[in-house]
Engineer: 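I have a structure here, written as structure tokens, and I will follow up with some questions on it.
A, B, ... follow the sequence lines: proteins, then strands. Residue 1 opens every chain. Predicted, not measured: the structure shown is a model, and the values here were computed from it.
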Protein chains: 2
Amino acid sequence: MSQHRLSPVEKMRRLREFLRREQRFPSHAELAALYGYTSKNAAARWLRRLEQLGYAVRGAGGKWRQTSRLLGRTRLLGAVTAGFPSPAEEELVDTLSLDEYLIERPEATFMLTVTGDSMRDAGILPGDLVLVERGAQPHRNDVVVAQVDREWTLKYFGRDRQGVYLDPANPAYQRIRPRESLVMGGVVRAVVRKYR
Amino acid sequence: MSQHRLSPVEKMRRLREFLRREQRFPSHAELAALYGYTSKNAAARWLRRLEQLGYAVRGAGGKWRQTSRLLGRTRLLGAVTAGFPSPAEEELVDTLSLDEYLIERPEATFMLTVTGDSMRDAGILPGDLVLVERGAQPHRNDVVVAQVDREWTLKYFGRDRQGVYLDPANPAYQRIRPRESLVMGGVVRAVVRKYR
DNA sequence: CTTGCCGGTGTCCGTTCGTTCACTTATAGG
DNA sequence: CCTATAAGTGAACGAACGGACACCGGCAAG
């Protein structure tokens with residue numbers, strides 16, 4: 001029987017395509033079909049290679065699972081000044097999942113839509129989304145979501161001898177020193193803005 | 001035999017936990033174990049319910065796949081002013097995958113790190129990440145990545161009788177009118193900033 | 001009280017799964 | 001050219017899988 005060889009790059013491309021389409025790992029048989037193999041064994045060997053290379057791991061029950069290097073939706077590049085990669089390079093670049101990158105504690109993280117421009121100079125504009133982690137201890141200059149006088153706002157967090165204060169990032173607003181108790185909603189871990 | 005009932009909320013919680021941990025859909029047997037059932041059939045019935053409710057769909061080969069309502073890593077909330085939900089509400093709120101939300105064409109999307117402050121007033125700061133879609137047609141006031149005089153920059157895109165121009169979002173910089181050809185890297189679809 | 005339905009149990013069956021083994025073919029190095 | 005190694009073939013195996021079936025308990029409506 002004649003054999004069939006695919007370049008590693010092409011194999012990765014087809015696997016990524018499958019993962020994006022089906023959002024699950026292919027079975028041995030499916031992977032074989034994907035690569036044009038007639039034997040499941042060849043697919044199984046390729047999986048073991050992927051494991052060695054850190055592109056796949058085994059979860060509970062010994063089932064395969066992709067790593068974010070493989071599944072991530074975007075290719076990670078350097079600075080703008082570096083320019084763009086050639087098509088040949090592209091396939092080899094690692095990918096990244098924004099979810100995994102931005103969210104460390106999914107069970108405690110919420111998304112809020114920003115209203116108001118009090119954090120304008122910090123690059124947080126009305127309509128932006130902020131990822132807020134609840135229950136985290138805020139540090140100086142963290143952006144926090146806090147309730148002051150029954151209203152929720154975004155501010156820089158600070159603390160000095162007189163106690164806690166909240167700073168806006170916009171000269172049109174002033175520092176706030178909460179008189180009574182300060183209700184802390186959480187710490188802003190990331191800002192996301194989508195155009196269009 | 002005594003029967004076993006779990007609230008729908010608890011079922012969803014356990015399923016989400018499994019998905020986060022294993023990044024795949026449980027088999028009927030695994031789902032039964034997760035819910036304390038002794039029969040696979042009860043699990044299969046629950047899956048059909050999930051399908052009706054739009055939390056799961058079937059992919060190629062009839063295999064189950066989660067929707068982003070189920071898998072997404074963050075809970076989606078309203079404006080900051082709306083406050084925070086009570087723990088009871090939280091379990092019922094839809095979740096969102098940032099990857100799916102931000103990236104429409106994964107195969108054409110790249111991530112770049114921003115250097116320079118020429119887009120400061122647009123809330124794009126040094127160190128931010130921008131998601132760039134290659135090959136898209138830019139419209140007026142889109143933020144684009146372009147090569148001017150051998151250097152890559154982020155600018156607002158514009159066009160008038162004299163041709164194409166690029167505007168910064170910072171009074172310290174000036175409008176650029178490319179003399180020769182303009183190399184367009186892509187259109188910025190989203191901005192992401194991670195703290196810490 | 002009776003009836004119907006929903007949601008669980010228990011069992012079964014044909015298919016697919018992952019894994020292993022012996023064998024064969026392609027490729028690169030000496 | 002010969003040889004070692006990597007990679008694909010083909011067949012076999014038990015285990016797990018999805019799906020189907022009959023059955024039954026709890027509960028609410030009539």
Engineer: Rounded to the Å, how far apart are B/Leu47 CG and D/dA20 P?
Structural biologist: 13 Å
Engineer: Grab the N/O contacts between the protein and nucleotides 11-16 of chain D below 3.5 Å, and write none if there aren't any.
Structural biologist:
none

Engineer: If you check the A/Arg45 side chain, which of C/dA22, C/dT19, D/dG19 turns out closest?
Structural biologist: C/dA22
Engineer: Figure out the CD/P separation between B/Gln52 and C/dC6, and round it to whole Å.
Structural biologist: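 So the CD-P distance, B/Gln52 to C/dC6, works out to 10 Å.
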Engineer: Check the hydrophobic clustering (I, L, V, M, F, W, Y; side-chain heavy atoms under 4.5 Å; chains of links allowed) and say if B/Leu125 and A/Val188 are grouped together.
Structural biologist: no
Engineer: Flag the pair A/Arg20 and A/Glu17 as a salt bridge only when some basic side-chain nitrogen lies within less than 4.0 angstrom of an acidic carboxylate oxygen.
Structural biologist: no
Engineer: How far does the helix from C/dC1-D/dG30 to C/dG30-D/dC1 bend, going by the axes of its first and last five pairs, to the nearest 10°?
Structural biologist: 30°
Engineer: From OH of B/Tyr35 over to C1' of C/dT9, roughly how many Å is that when rounded to an integer?
Structural biologist: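 That distance rounds to 18 Å.
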Engineer: Cation-pi between A/Lys63 and A/Phe25: NZ/CZ under 6.0 Å from ring centre and within 45° of the ring axis?
Structural biologist: no
Engineer: Run A/Ser97 and B/Asp99 through side-chain hydrogen bond (donor to acceptor under 3.5 Å, both in side chains) and show every step you take.
Structural biologist: CA-CA 7 Å; A/Ser97 161; B/Asp99 289 326; 2.9 Å; yes
Engineer: State plainly whether the residues A/Glu30 and A/Arg24 are in salt-bridge range, i.e. N to O under 4.0 Å.
Structural biologist: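 Looking at A/Arg24 together with A/Glu30, the answer is yes, because their closest N to O distance falls below 4.0 Å.
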Engineer: When you get a sec, tell me which of D/dA7, C/dT9, D/dG8 is the closest nucleotide to the side chain of B/Thr38?
Structural biologist: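 My answer, after comparing the listed nucleotides, is C/dT9.
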Engineer: Salt-bridge test for B/Asp142 and B/Lys155: reply yes if a basic N is under 4.0 Å from a carboxylate O, no otherwise.
Structural biologist: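 Not counted as a salt bridge, because no side-chain N and carboxylate O are separated by less than 4.0 Å.
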Engineer: Please report, rounded to the nearest Å, how far the C1' atom of C/dT20 is from the NE2 atom of A/His28.
Structural biologist: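 It is 12 Å, rounded to the nearest whole Å.
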Engineer: What is the distance from OH of B/Tyr37 to P of D/dG18, rounded to the nearest Å?
Structural biologist: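 The distance from OH of B/Tyr37 to P of D/dG18 comes to 16 Å, rounded to the nearest Å.
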Engineer: Going from CZ on A/Arg193 to CG on A/Asp128, what distance comes out if it is rounded to the nearest 0.5 angstrom?
Structural biologist: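 Interatomic distance, A/Arg193 CZ to A/Asp128 CG, rounded to 0.5 Å: 4.0 Å.
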Engineer: To the nearest angstrom, how far is A/Trp46 atom CH2 from D/dA6 atom P?
Structural biologist: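 Those two atoms, CH2 and P, are 14 Å apart.
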Engineer: Taking OP1 and OP2 of C/dG8, is either one under 4.0 Å from a side-chain nitrogen or oxygen of B/Lys11?
Structural biologist: yes
Engineer: Measure CG/A/Leu31 against C1'/C/dT16 and give the value in whole Å, please.
Structural biologist: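 Rounded to whole Å, this separation is 16 Å.
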Engineer: If you compare every side-chain N and O of B/Arg49 against the phosphate oxygens of C/dG7 (OP1, OP2), does one of them come in below 4.0 Å?
Structural biologist: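 Yes, within the criterion.
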Engineer: Please compare A/Glu30 and A/Arg48 by the position of their nearest nucleotide in DNA chain C and report the one closer to 5'.
Structural biologist: A/Glu30
Engineer: Sequence neighbours left out, cut at 3.5 Å: what donor-acceptor pairs do the side chains of residues 161-168 of chain A make with other protein atoms?
Structural biologist:
{"unit_1": "A/Asp167", "atom_1": "OD1", "unit_2": "A/Arg175", "atom_2": "NE", "d": "2.8"}
{"unit_1": "A/Asp167", "atom_1": "OD2", "unit_2": "A/Arg175", "atom_2": "NH2", "d": "3.0"}

Engineer: So what does B/Ala29 hit on the nucleic acid, given a heavy-atom distance under 4.0 Å: a base, only sugar-phosphate, or nothing?
Structural biologist: sugar-phosphate
Engineer: Test B/Val192 against every option in A/Leu102, A/Leu131, A/Leu129, A/Val191 by the side chain to side chain contact (heavy atoms under 4.5 Å, CB included) rule and name the one that passes.
Structural biologist: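 Passing option: A/Leu102.
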Engineer: Pick base, sugar-phosphate or nothing for B/Ala42, based on heavy-atom distances below 4.0 Å to the nucleic acid.
Structural biologist: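 Touches a base.
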